[in-house]
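Reviewing the structure listed below.
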Amino acid sequence: MSAKKKLNIYLIMSIIVASIFITTITACSDSSGSENGEAIFEKAVRMQDNVTPGTDEYNQFLSLLEKSSELHYPIAQYRYGEILLKGTGTKKDISKALILLNESKDKEPRSKELLALIYLQESAPGAMPLDTDKGVKLLTESASAGLETSQYLLGTFYLHGDDGIKQDNLQAYYWLRRAAEQNNKVAQLTLARIVGQGFDVPADKKASEEWECIANNQHGFDSFWICEN
């Protein structure tokens with residue numbers, strides 16, 4: 001084999017080895033960042049019940065959330081984004097909050113839910129224009145991902161035709177039932193009412209009583225007489 005061919009082979013092998021090395025380092029770095037983000041977030045969670053806005057401890061709690069968010073940990077991005085959106089114990093930063101929520105929305109359903117409410121109700125005035133289609137799309141996605149608060153909200157919006165959403169009792173029944181099956185008490189009581197009255201579904205007094213019993217018994221409220229029969 002000629003020296004030139006040997007050199008070419010050597011160069012090719014060197015490039016392959018270098019590529020593998022870089023890929024491995026990048027993967028390890030990404031993994032480490034993710035783990036660090038989770039660890040930092042867990043440290044923040046351990047602090048949250050014992051901190052008061054405006055104190056040094058609360059500022060430390062916010063610092064941990066911010067660091068975890070910078071490492072792209074989705075739950076931290078949601079929590080920190082929510083705080084920045086409301087200005088809880090810190091200066092409001094709507095622009096930064098929206099960046100965090102949009103970045104984490106595909107991995108954290110609660111980010112989708114919060115963004116949906118901004119589109120539907122303009123909970124961050126001036127941040128984004130009202131956009132019912134985008135709001136319903138995001139809320140449906142978070143509800144489909146299993147978030148019971150989104151299921152309840154979506155069902156309620158369809159039931160009353162709130163925020164530009166066309167009233168649809170069948171959709172309302174579907175989403176309220178899914179939320180009720182996840183022990184959302186308000187959804188259970190609302191479902192009991194619409195099942196009992198027959199909102200585009202056959203009225204079913206027995207099913208209505210059962211949902212009301214479930215809501216009262218499972219959530220520590222005094223049961224009505226119908227629950228004792």
Side-chain angles (χ1 to χ4, degrees), residues 78-79 81-88 92 94-95 97-219 221 224 226-227:
Y78 159 72
R79 291 290 307 280
E82 183 182 36
I83 289 172
L84 291 175
L85 196 65
K86 297 177 180 178
T88 307
K92 277 187 179 183
I94 295 174
S95 297
L98 293 177
I99 289 172
L100 292 172
L101 293 173
N102 274 295
E103 185 176 319
S104 60
K105 71 179 187 298
D106 291 332
K107 294 182 179 180
E108 176 50 61
R110 286 173 292 184
S111 291
K112 278 188 177 179
E113 179 182 80
L114 191 50
L115 284 170
L117 294 178
I118 294 171
Y119 278 119
L120 290 169
Q121 299 181 309
E122 202 172 16
S123 53
M128 290 190 295
L130 291 174
D131 191 324
T132 300
D133 291 340
K134 285 185 179 179
V136 171
K137 180 178 182 295
L138 287 168
L139 197 60
T140 302
E141 288 175 359
S142 58
S144 298
L147 198 61
E148 52 93 7
T149 51
S150 292
Q151 293 167 349
Y152 165 71
L153 288 169
L154 195 57
T156 302
F157 288 148
Y158 277 122
L159 183 64
H160 300 294
D162 290 343
D163 299 301
I165 298 175
K166 186 177 179 181
Q167 186 178 23
D168 188 328
N169 289 329
L170 291 177
Q171 284 283 352
Y173 172 81
Y174 173 78
W175 289 112
L176 286 169
R177 184 180 179 92
R178 288 192 61 175
E181 289 170 347
Q182 294 201 73
N183 292 327
N184 184 301
K185 175 182 178 288
V186 185
Q188 290 168 344
L189 291 174
T190 306
L191 192 63
R193 178 171 64 87
I194 67 174
V195 168
Q197 295 178 7
F199 282 46
D200 288 346
V201 294
D204 189 332
K205 183 179 179 181
K206 181 179 179 181
S208 174
E209 291 174 352
E210 287 175 351
W211 279 116
E212 196 163 5
C213 288
I214 290 171
N216 285 282
N217 290 337
Q218 288 192 2
H219 296 275
F221 293 86
F224 300 131
I226 55 174
C227 301

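Source: prediction; values computed, not measured.
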Could you check whether any side-chain N or O of [X] sits under 3.5 Å from a backbone N or O of [Y], counting only pairs where one atom can act as donor and the other as acceptor?
X: Gln182; Y: Gly146; answer: yes
X: Asn184; Y: Ala180; answer: no
X: Gln167; Y: Tyr158; answer: no

Tell me, do [X] and [Y] make a side-chain contact under 4.5 Å, heavy atoms counted?
X: Leu98; Y: Ile118; result: yes
X: Leu138; Y: Glu141; result: yes
X: Leu153; Y: Leu117; result: yes
X: Lys92; Y: Leu84; result: no
X: Glu113; Y: Thr149; result: yes
X: Ser104; Y: Leu100; result: no
X: Lys112; Y: Asp106; result: yes

Just verifying a value: how many Å separate [X] [atom1] and [Y] [atom2], rounded to the nearest 0.5 Å?
X: Arg110; Y: Glu82; atom1: CZ; atom2: CD; answer: 8.5 Å
X: Ser150; Y: Phe157; atom1: OG; atom2: CZ; answer: 9.5 Å
X: His160; Y: Asn169; atom1: NE2; atom2: CG; answer: 10.0 Å

Of all the heavy-atom pairs spanning [X] and [Y], show the shortest one and how long it is.
X: Ala143; Y: Gln151; value: O-NE2, 3.1 Å
X: Gln188; Y: Asn183; value: NE2-CA, 3.3 Å
X: Tyr78; Y: Glu108; value: CB-CG, 3.8 Å
X: Ser142; Y: Pro109; value: CB-O, 3.5 Å
X: Ala179; Y: Tyr152; value: CB-N, 3.7 Å
X: Leu120; Y: Ile165; value: CD2-CD1, 4.3 Å

* Quick one: which of Asp133, Asp131, Leu139 gives a side-chain contact (heavy atoms from CB on, under 4.5 Å) with Tyr119? ->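 In the set Asp133, Asp131, Leu139, the residue that makes a side-chain contact (heavy atoms from CB on, under 4.5 Å) with Tyr119 is Asp131.
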
* Given Tyr173, which of Leu159, Asp168, Ile194 fulfils the side-chain contact (heavy atoms from CB on, under 4.5 Å) condition? ->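 Checked Leu159, Asp168, Ile194 against Tyr173; only one passes side-chain contact (heavy atoms from CB on, under 4.5 Å): Ile194.
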
